[in-house]
Protein chains: 2
Amino acid sequence: MQIKEVIESSKRHWETALPHLSIDCVVFGFDQKRLNVLLLKLKDNANNWILPGGYVLKEEALDDAAKRILKERSGADKIFLNTFNVFGNLNRSEGYFKEYDDDLWHKQRFVTIGYYALVDHQSVTPVIDASSEDCRWMPIDELPEMVMDHKNIIENALATLREQIRYKPIGYNLLPEEFTMPELQNLYEAILGYKLNRGNFYRRIMRYNILKRLDKERKGGAHKAPILYSFDKENYQKALSELGW
Amino acid sequence: MQIKEVIESSKRHWETALPHLSIDCVVFGFDQKRLNVLLLKLKDNANNWILPGGYVLKEEALDDAAKRILKERSGADKIFLNTFNVFGNLNRSEGYFKEYDDDLWHKQRFVTIGYYALVDHQSVTPVIDASSEDCRWMPIDELPEMVMDHKNIIENALATLREQIRYKPIGYNLLPEEFTMPELQNLYEAILGYKLNRGNFYRRIMRYNILKRLDKERKGGAHKAPILYSFDKENYQKALSELGW
DNA sequence: TCTTATTGCTTCATTATGAAGCAATGATAG
DNA sequence: CTATCATTGCTTCATAATGAAGCAATAAGA
């Protein structure tokens, strides 16, 4: 196993980025009925996948770094992005780079800032960057083998998302402009991991008063055509700000 | 204005700690009817107060660093400690150290990990460390002038606490072993910043089933003597774990 | 002993939630 | 063209949670 590009870029990082600090992004996208995460596979790195991540430049705000990294490594752009936790244990990368020289950037001790992002699955086309061999959506309930503690980081991000969905409207960033009530319910169920009662879900969402009902339906599927909605951005923001967001 | 000790310790830090990374702790304590924060005042640093903070040693886990810093700089020990946010904007310290040499540790660009702590006010005796002139509890609604973005960090921590109190039992770490129902209500009101209905609060707390009613009362105050309670630690933990904690 | 503020706990009206169901509808099969 | 079917929009009913108010008990002090 060899990661030449990684080693090369390692040297560059020493000069331009803050040492001992990295960012990992958990990018959630919703497709049909499943919640997905955007993952990368390094060249020649066996079967281990990683989260899109990178380093903070010396004169770069943390949020800007997260945006840049995500754009460079996955093509995702203009998205909802937030920190959710910090991972600062020792030996987080233990074992993964032991064959390499001690001056390899990645072998160092790292404090990692975890960002999670919510994106419209349809509008993101995964981009394979120079150091990667693959970049794709993976369903949250069928994650592949992952490097270091990256699986744990994803679970932590998902737990954050699940907590937020309890008392905050969610969906604006995860759904396309127009969507149906069953699609919104599928999103909630995919995030929560369990089924919701249809009528009660309908009632609860309607009471939020964050949906704008469009005068059209989504025909083409079998059975009754569902009504299309879009988010009423003003009320959506109002609902969030009443909760202190 | 001079901060000799700070400059001295700055040199030591370069050798032992992770560069560009710091920790600030927002320590909440509850006294009578008010929520307080533990603050320090640097020697000779005019009237500006700071949060107890410090740096992460090269071979030290982040949580351990936070514990150590808090112990060293304020005497607080064995407490509930959690990250709540990361502050990584540029120029956070702009203007505060401009008179000093550029190689002053503090003048550098810093990413700060925010920790919040919940402690029993009575059991913490503020300790004034070598680089401080003062260390004391300050009520949350009467904060003094503070250095850099430290006031913002406190507000951010308080917002986190307020969010958590909505759907999580809180109080175990902020109250003494034995307490009364009005005291618990006062704590909630101090955190939330507004009054709660007495009967409804009583009913809600009782339904949580996290209190152990003791067979004694707190006599001595005027009027009817309130019953003493302690937390039923088992049920308290169960209530938390049902919420995924 | 009387007054007072405080406390423990309940009652009643209102609102939210869980479970179930009914009518409408668009596609499909016959 | 019509019957069937799963799905959808939305409502109903029972139960639980919440907001507002109040009653009786009580410890301290007048």
Side-chain angles (χ1 to χ4, degrees), chain A residues 32-33 162 165-171 175-176 178-190 192-232 239 242-243, chain B residues 32-33 162-163 165-171 175-176 178-190 192-232 235 239 242-243:
Chain A
Q32 312 286 346
K33 303 213 164 188
R162 281 182 180 157
I165 208 176
R166 289 165 172 258
Y167 56 97
K168 251 186 272 249
I170 277 189
L175 288 173
E178 301 183 351
F179 54 89
T180 67
M181 189 62 73
E183 281 166 3
L184 184 60
Q185 182 172 351
N186 281 334
L187 169 62
Y188 271 69
E189 290 174 347
L192 290 171
Y194 53 83
K195 293 281 172 191
L196 297 170
N197 178 290
R198 206 167 51 82
N200 299 340
F201 180 80
Y202 171 87
R203 189 176 48 193
R204 186 155 69 93
I205 293 294
M206 284 319 221
R207 191 152 37 76
Y208 269 149
N209 195 31
I210 54 172
L211 294 189
K212 204 160 54 192
R213 182 182 174 141
L214 308 176
D215 277 336
K216 43 185 172 176
E217 298 164 346
R218 169 158 301 162
K219 314 233 175 185
H223 317 302
K224 181 170 180 177
I227 301 167
L228 282 167
Y229 295 89
S230 68
F231 284 107
D232 182 330
E242 275 166 17
L243 294 164
Chain B
Q32 311 287 345
K33 304 212 164 190
R162 281 181 179 158
E163 243 178 47
I165 208 176
R166 289 164 171 259
Y167 56 96
K168 251 185 272 250
I170 276 188
L175 288 174
E178 300 182 352
F179 54 90
T180 67
M181 189 61 73
E183 282 166 3
L184 185 59
Q185 181 171 354
N186 281 334
L187 169 62
Y188 269 69
E189 291 175 343
L192 290 169
Y194 53 82
K195 292 282 172 190
L196 297 170
N197 178 290
R198 206 168 50 82
N200 299 339
F201 180 81
Y202 171 87
R203 188 176 48 192
R204 187 155 67 93
I205 293 293
M206 283 321 220
R207 191 153 37 75
Y208 268 149
N209 194 31
I210 55 171
L211 293 189
K212 205 161 53 191
R213 181 182 175 141
L214 307 176
D215 277 337
K216 43 186 173 176
E217 299 165 344
R218 170 158 301 161
K219 312 232 177 187
H223 317 302
K224 179 168 180 177
I227 300 167
L228 282 167
Y229 294 89
S230 68
F231 284 106
D232 181 329
N235 285 348
E242 275 165 18
L243 294 165

Please list, chain by chain and in numerical order, all residues satisfying side chain to side chain donor-acceptor pair (under 3.5 Å) with B:Arg203, sequence neighbours excluded. B:Asn200
Ignoring hydrogens and angles, tell me if any N or O in the side chain of B:Asn186 forms a donor-acceptor pair with the backbone of B:Lys33 under 3.5 Å. no
Given a 3.5 Å cut-off on both pairing distances, which stems involving DNA chain D, each at least three consecutive Watson-Crick or G-U pairs, are present, if any? C:1-30 with D:1-30
The test is salt bridge (Lys or Arg N to Asp or Glu O under 4.0 Å); show your working for A:Lys224 and A:Glu217 and say whether it passes. CA-CA 10 Å; A:Lys224 181 170 180 177; A:Glu217 298 164 346; over 6 Å; no
Counting only heavy atoms and a strict 4.0 angstrom limit, can you tell me which residues of residues 192-210 of chain A come near DNA chain D? A:Arg198, A:Gly199, A:Tyr202, A:Arg203
Do you see a donor-acceptor pair shorter than 3.5 Å between the side chains of A:Gln185 and A:Tyr202? no
Over all strands shown, is B:Arg213 touching base, sugar-phosphate only, or nothing at heavy-atom distances under 4.0 angstrom? sugar-phosphate
Taken to the nearest 0.5 Å, the spacing of B:Ile227 CD1 from B:Lys216 NZ works out to 13.0 Å
Partners of B:Arg218 by salt bridge (charged side-chain N to carboxylate O under 4.0 Å, His left out), sequence neighbours excluded? B:Glu183
Kindly assign one of parallel, tilted or perpendicular to the pair A:Phe201 and A:Tyr188, based on the angle between their ring planes and the thresholds 30° and 60°. perpendicular
Under a 4.5 Å cut-off applied to non-hydrogen side-chain atoms, are A:Ile165 and A:Ile170 in contact? yes
Opening and closing nucleotides of DNA chain C in contact with chain B, under 4.0 Å to non-hydrogen atoms: C:dT4 to C:dT11
Just so I know, are the side chains of B:Met181 and B:Leu211 near enough to count as touching, which here means a heavy-atom distance under 4.5 Å? yes
Could you pull out all residues at least two apart from B:Arg162 that satisfy salt bridge (charged side-chain N to carboxylate O under 4.0 Å, His left out)? none
